[in-house]
Amino acid sequence: DVQLVESGGGLVQAGGSLRLSCAVSGFRFDDYAVGWFRQAPGKEREGITCLNSRDGTTYYADSVQGRFTISTDNSKKTVALQMNSLKPGDTAVYYCAAMFRTACYGVGPRIPDVATWGQGTQVTVSS
């Protein structure tokens with residue numbers, strides 16, 4: 001079975017950094033694209049970044065472009081999200097996702113493209 005487990009969330013001041021990690025099992029990065037979504041209180045879940053290892057294609061939402069970086073480590077079987085210059089508006093539960101292998105081409109991460117979700121990790125940015 002495909003499983004994803006996030007870690008690394010927490011409380012940070014505005015302007016600070018956090019690194020989220022997602023431990024994956026049950027699949028190869030060549031078989032799935034991977035992405036990060038977030039859901040703030042009272043808002044819909046939104047896709048913020050994705051990566052397709054078949055050719056290294058990445059996508060970043062405008063709201064995180066230049067501040068967040070997605071990466072994979074095949075040897076450690078992890079997906080990381082490096083978040084810099086955090087803002088209070090980044091406060092949300094962050095979810096790692098395994099996405100169908102055709103995802104993340106031309107469009108950002110979309111919920112219908114998600115095959116499996118992680119359980120989520122809370123990120124809180126104080127002002």
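- At a threshold of 4.5 Å between non-hydrogen side-chain atoms, the residues T72 and S53 count as touching.
- The neighbour count for Q3 CD, taken as heavy atoms of other residues, nucleotides or ligands under 6.0 Å away, does not exceed 12.
- Legend: residues meeting ring-ring contact (aromatic ring centres under 6.0 Å, His included) with Y32, ordered by chain and number and at least two apart, are F27.
- Counting only residues at least two apart or on different chains, no ring-ring contact (aromatic ring centres under 6.0 Å, His included) pair has a member in residues 62-91.
- Under the rule for a ring-ring contact (aromatic ring centres under 6.0 Å, His included), Y60 has no partner lying at least two apart in sequence or in another chain.
- Atom-to-atom distance recorded for E6:CD and L20:CG is 8.5 Å, nearest 0.5 angstrom.
- Under the rule for a ring-ring contact (aromatic ring centres under 6.0 Å, His included), Y94 has no partner lying at least two apart in sequence or in another chain.
- Counting non-hydrogen atoms of other residues, nucleotides and ligands closer than 6.0 Å to CG of D30 gives a total above 12.
- Between atom CG of residue L51 and atom OG1 of residue T58 there is a gap of 6.5 Å, rounded to the nearest 0.5 Å.
- Under the 4.5 Å side-chain heavy-atom criterion for ILVMFWY residues, a single connected hydrophobic cluster contains both L4 and V34.
- Taking the centre and axis of the six-membered ring of Y95, the NZ or CZ atom of R38 falls outside the cone set by 45° and 6.0 Å.
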Do any side-chain atoms of residues 99-109 form donor-acceptor pairs under 3.5 angstrom with protein atoms, and if so which ones, sequence neighbours left out?
residue : atom : partner : partner atom : Å
Y105    : OH   : D55     : OD1          : 3.3

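- Every residue meeting the side chain to side chain contact (heavy atoms under 4.5 Å, CB included) condition with N74, not counting sequence neighbours, appears here in chain and number order: F29, K77.
- The ring-ring contact (aromatic ring centres under 6.0 Å, His included) contacts involving residues 71-92 comprise nothing, where partners must be two or more places apart or lie in separate chains.
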Please output the side-chain donor-acceptor pairs of residues 120-127 that fall under 3.5 Å, not counting sequence neighbours, one pair per line with the distance.
residue : atom : partner : partner atom : Å
T121    : OG1  : G9      : N            : 3.3
Q122    : NE2  : A92     : O            : 3.4
Q122    : NE2  : T124    : OG1          : 3.3

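- Across every non-hydrogen atom of R67 and D90, the tightest pair is NH1-OD2, 2.8 Å.
- Both V24 and I70 are assigned to one and the same hydrophobic cluster, defined by single-linkage of ILVMFWY side chains at heavy-atom distances under 4.5 Å.
- Annotation: salt bridge (charged side-chain N to carboxylate O under 4.0 Å, His left out) contacts of D113 (sequence neighbours excluded): R110.
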Determine all donor-acceptor pairs shorter than 3.5 Å in which one atom belongs to a side chain in residues 79-88; sequence neighbours excluded.
residue : atom : partner : partner atom : Å
Q82     : OE1  : R19     : NH1          : 3.2
Q82     : NE2  : N84     : OD1          : 2.9
N84     : OD1  : S17     : OG           : 2.9

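- Applying the ring-ring contact (aromatic ring centres under 6.0 Å, His included) test to pairs two or more places apart or on separate chains, those with a residue in residues 107-126 are F37-W117.
- Closest of all the heavy-atom pairs between G8 and L18 is O-CD2, 3.8 Å.
- For the pair Q39 and K43, the tightest heavy-atom approach, listed with the atom from each and the gap, is NE2-O, 3.2 Å.
- For R54, the salt bridge (charged side-chain N to carboxylate O under 4.0 Å, His left out) test picks out no residue, with sequence neighbours left out.
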